[in-house]
Amino acid sequence: MELTVIGHWGGYPKVGEASTGYLLENEGFKLLLDCGSAVLSQLQQYIKPSQLDAVIISHYHPDHVADIGVLQHALLIDKYLEGYEKNLPIYGHQEDEIGFQSLTYKNITTGIPYKADEVLHIGPFQISFIRTIHPVPCYAMRILANGKSLIFTADTAYFLDLVEFSKGADLLLCESNYYKNMENAAVNHMTSQQAGKLANLAQVKSLILTHLPHFGDHQQLLQEAREEFPADIKLASAGLKITI
Ligand SMILES: [Zn+2]
């Protein structure tokens, strides 16, 4: 499978870039992971919104879902201009009723619930979930295709069960909203050091730090994570493509 970073900023997008959004492709199937602020704009650098086959949402914070409404507008306009005929499935949990309802729009998109304890099949992808530590219900995902595995932590504080969940993954796409010395602040998000520790304990093959902060020097995040996981680590960046 191929991963393209559409947006990697925590909280809000930096000028000309986007907050959380990743395009995951396998066997021609195009799945969007989260649809944060400015994702729709940035996605169009790679594909047309009408080419998406499915979307999955980790939680309903604006930096992960802000562009769901404009994605729906784009598909509606495409219906009139180009004859868009699909009804795009958008997978989300149902623990936020208003958030879940927002995934359904006319005959353009349909919200489909996923359950934490059930494996979800979307196209060629097999997805399992673990609830994270965050102020609102949020799920990390283990995504399998062609015998390869991607862990997307979504938003979370560090917790031990995430190690078992991430065990042996080919790629850990891990949030790193804080620097090492900010562990006291990291009650809803992880530090660079914790991301490295998770990668090390879970014995993943490679690590990408994402959900990056709007302060400090990101090279420092990389160094701090590398102290724990002296292996393949990258910082997420707009347009970064990784074949898993
Ligand atoms: Zn969040």
Side-chain angles (χ1 to χ4, degrees), residues 3 5-14 17-24 31-43 55-71 90-103 111 113-116 127-143 150-162 165-166 172-179 182-195 198 207-216 218 221 225 235-238:
L3 175 76
V5 176
I6 307 296
H8 62 287
W9 289 99
Y12 67 96
K14 191 177 160 183
E17 299 195 332
S19 63
T20 304
Y22 307 94
L23 179 62
L24 196 57
L31 172 67
L32 182 66
L33 302 182
D34 281 349
C35 189
S37 181
V39 163
L40 194 77
S41 171
Q42 294 305 309
L43 178 69
V55 179
I56 189 164
I57 296 299
S58 62
H59 67 304
Y60 298 95
H61 272 157
D63 54 331
H64 295 252
V65 293
D67 274 14
I68 288 291
V70 291
L71 168 62
I90 306 183
Y91 297 82
H93 69 68
Q94 272 183 312
E95 291 163 65
D96 174 335
E97 207 176 311
I98 293 169
F100 181 74
Q101 280 171 7
S102 73
L103 306 181
Y114 62 71
K115 295 205 174 84
I127 306 179
S128 46
F129 302 93
I130 188 171
R131 187 169 178 145
T132 72
I133 297 177
H134 205 53
V136 298
C138 175
Y139 289 90
M141 302 172 201
R142 185 178 183 103
I143 304 174
L150 163 69
I151 305 294
F152 170 45
T153 63
D155 286 8
T156 184
Y158 181 83
F159 64 108
L160 214 52
D161 285 349
L162 204 48
F165 186 75
S166 306
L172 172 63
L173 181 58
C174 188
E175 78 128 278
S176 177
N177 197 63
Y178 292 114
Y179 293 84
M182 300 176 75
E183 202 167 318
N184 290 342
V187 290
N188 300 318
H189 291 284
M190 286 165 65
T191 68
S192 50
Q193 184 186 34
Q194 290 169 331
L198 172 61
L207 169 65
I208 295 180
L209 302 178
T210 193
H211 204 281
L212 301 179
H214 290 268
F215 52 88
H218 291 167
L221 292 175
L235 286 172
S237 60

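One-based numbering, in listed order, for ligands and for the atoms of each.
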N/O/S atom name from Asp155 that is nearest to the position of the Zn ion (ligand 1): OD2
Inter-residue atom distance Leu3.CG - Phe152.CZ, 0.5 Å rounding: 10.0 Å
Tyr114 and Phe129 aromatic ring geometry - parallel, tilted or perpendicular at 30°/60° bounds: parallel
N/O/S atom of His134 inside 2.8 Å of the Zn ion (ligand 1), strictly under: yes
Donor-acceptor side-chain pairing of Thr210 and Tyr22 below 3.5 angstrom: yes
Residue that, paired with Ser19, satisfies side chain to side chain contact (heavy atoms under 4.5 Å, CB included) out of Asp67, Asp63, Val65: Asp63
N, O or S of His64 under 2.8 Å from the Zn ion (ligand 1): no
Name of whichever N/O/S atom of His61 is nearest to the Zn ion (ligand 1): ND1
